[in-house]
Protein chains: 2
Amino acid sequence: MRESDICEIRNLPIFADMAESAFARLHRGAYVQTFPPQVDLFHEGEASDFLHVLTAGQVELFATWNRRETTMEIVTPVSSFLLAATIQDAPFLCSARTLEKSRVVLLPSENVRDVFDEDRAFARAVVRELAASYRGVVKSSKNIRLRSSIERLANYLLRYQDLAGGAESFALPLEKRKIASLLGMTPENLSRALRTLGEYGVQNDGQSITICDRGPLLRLAKPARLIDDPSS
Amino acid sequence: MRESDICEIRNLPIFADMAESAFARLHRGAYVQTFPPQVDLFHEGEASDFLHVLTAGQVELFATWNRRETTMEIVTPVSSFLLAATIQDAPFLCSARTLEKSRVVLLPSENVRDVFDEDRAFARAVVRELAASYRGVVKSSKNIRLRSSIERLANYLLRYQDLAGGAESFALPLEKRKIASLLGMTPENLSRALRTLGEYGVQNDGQSITICDRGPLLRLAKPARLIDDPSS
DNA sequence: CTAATCTCTTGACAATTATCAAGTGAACTT
DNA sequence: AAGTTCACTTGATAATTGTCAAGAGATTAG
């Protein structure tokens, strides 16, 4: 593992506060891999021998059943993923593939479990990270259960406008078919929903979205802190 | 807090391995409450000052948005709930109400966070419990995203037949409208789905379900370890 | 440059799911 | 015992969502 990779992940909340010696034990035997786009990293059901940290690129976590597939989450740098499977030493519930050229740091799961017992700061950070992930999935579940697809889309657009600094126009961060899958709908349905949102002040051209007036969209979306705010 | 309550929760995996002194610090200032059925315990958005442990009865965790409501989980004894909110010191994402007369042990959240830092066995148990909860929500999310309502119902029935020891006939563990809400469907829809399952060997009379032949139902439900097995 | 591939869009249609209204039967209240 | 309430069921209908097919436009490979 190169010095630059070590530095990069060291600043993550999950590693930031731990002792240097514990961090060294954690990344002993770790390695880094670079993948081209559209590569499968692992498949659901496999054993999770490494905690993964994405340092560059984009990774999709998806699940399959009966020839159906759904996007569970998009991982963006710099963040860890698969913490729960690592802790439990249990098989992955999701599969993963790169969407862009990606760089992944792999920390042996055994190290994670060992150092968890030895370093309090790390233990605290791990449990906080896990609690945050848990709350993230619960929010996503509420989103799917309580809202129709057009309501989910409206909230998605508002969130990404905020992330884009509130600019009237911004680019969608993903292919539309991935957005559709993430929102639990078909690409056809997404296409039609975007047209319908024209009546609510949303203009769409390719990957570009323009929201001329947030008012109508907000009245439709009714964003709620306990569903849409990632920090609460 | 009475001696019997202390014993009861002490045997939970989350408390079983910790030192006696740590356990004592944990339940200092704890108390126990008994609630009649249909009582609201707390509402989403409120601060989580206590880790809850249900020792008797049944509690529903539900979420609301825009006058809609959905059941997120049914808590059965003996188990803890609200661990993630406790750890993060963050507001509840769900509301809770009793479905039966229930007994709840309340452990101050501050104690949980403090003892987490002091007792390794407890820290390990907390993180494992949280990881298990996380994986539970992910499975539930896969269930909702990848399956139609009748497929979810078919899997639900098969699971409860197993829990009932595999007997041909067994009683539903909840009111049908709660089952409907848990499965993300309306009561009307559940009623019709149960009729449809008649073609798959399911007989229903009130709270009683009889599955004369699991074959057809299994072919419809296609249960998967990574969605339906709570232990994997 | 051309052909092939792929995403996105649109239309027609089908399946799924929800809503509204009414009726039945059981449990509970007075 | 009679009345009330409530869960559940059923029918009719509407809304939502998915499927299939075809075509436009962009990108990529040769």
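Naming convention: chains lettered A, B, ... in sequence-line order (proteins, then strands); numbering from 1 in each chain.
Between the CD atom of Gln207(A) and the P atom of dC8(C) there is a distance of 7 Å, rounded to whole Å. Rounding to whole angstrom units, CD of residue Gln38(A) and P of dT28(D) are separated by 12 Å. We find that CG of Leu172(B) is positioned 16 Å from P of dA7(D), with the value rounded to whole Å. dT17(C) atom P lies 11 Å from atom CG of Leu153(B), rounded to whole Å. For the pair Glu151(B) CD and dA15(C) P, the computed distance is 15 Å after rounding to whole Å. Straight-line distance from the NZ atom of Lys176(A) to the C1' atom of dA26(D): 13 Å, rounded to whole Å. Atom CD1 of Ile150(B) is separated from atom P of dA18(C) by 13 Å (rounded to the nearest Å). With rounding to whole Å, Met185(B) atom CE is found 13 Å from dT19(C) atom P.
By the 6.0 Å contact criterion, CG on Asn11(A) is enclosed, its count of non-hydrogen atoms from other residues, nucleotides or ligands being greater than 12.
Contacts between residues 139-146 of chain A and DNA chain D, counted as heavy-atom distances below 4.0 Å, involve no residue at all.
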Identify all pairs in which a protein N or O lies below 3.5 Å from an N or O of nucleotides 24-30 of chain C, and state each distance.
none

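Ring centroids of Phe170(B) and Tyr160(B) are separated by 6.0 Å or more, keeping the two rings apart. Ring centroid separation for the pair Phe15(A) and His27(A) does not come in under the 6.0 Å cut-off.
Asn204(B) comes within contact range of the sugar-phosphate backbone alone, with a heavy-atom separation under 4.0 Å but no base atom that close.
Within the structure, no pair that satisfies the side-chain hydrogen bond (donor to acceptor under 3.5 Å, both in side chains) test touches residues 82-94 of chain A, not counting sequence neighbours.
A donor and an acceptor atom sit less than 3.5 Å apart, one in the side chain of Arg192(A) and one in the base of dG11(C). The base of dC8(C) has none of its N or O atoms less than 3.5 Å from a complementary donor or acceptor on the side chain of Glu175(A). Residue side chain Glu188(A) reaches the base of dC20(D) through a donor-acceptor N/O pair under 3.5 Å, judged by distance alone.
Taking the side chain of Arg195(B) as heavy atoms from C-beta on, and the options dT7(C), dT10(D), dT16(D), the nearest nucleotide is dT10(D).
Within the model, atoms CG of Asp205(B) and CG of Leu194(B) stand 11.5 Å from one another, a figure rounded to the nearest 0.5 Å. One finds the CE atom of Met72(A) at 5.0 Å from the SG atom of Cys94(A) (value rounded to the nearest 0.5 Å).
Looking at Gln207(B), its side chain never comes within 3.5 Å of a backbone N or O of Pro173(B) through a donor-acceptor pair.
Taking the six-membered ring where tryptophan is involved, the planes of Phe92(B) and His52(B) are perpendicular, since the angle between them exceeds 60° and thus also 30°.
Here Thr186(B) does not reach the OP1 or OP2 of dT17(C): none of its side-chain N or O atoms lies under 4.0 Å away. Remark: Asn189(A) is not in phosphate contact with dT17(D), judged by side-chain N or O atoms under 4.0 Å from OP1 or OP2. Between Ser149(A) and dT17(D) there is a side-chain N or O to OP1 or OP2 distance below 4.0 Å.
Comment: Arg159(A) does not engage Asp229(A) in a salt bridge, judged by the lack of any side-chain N to carboxylate O separation of less than 4.0 angstrom.
The two residues Arg68(A) and Leu146(B) make their nearest non-hydrogen contact at NH1-O, 2.9 Å.
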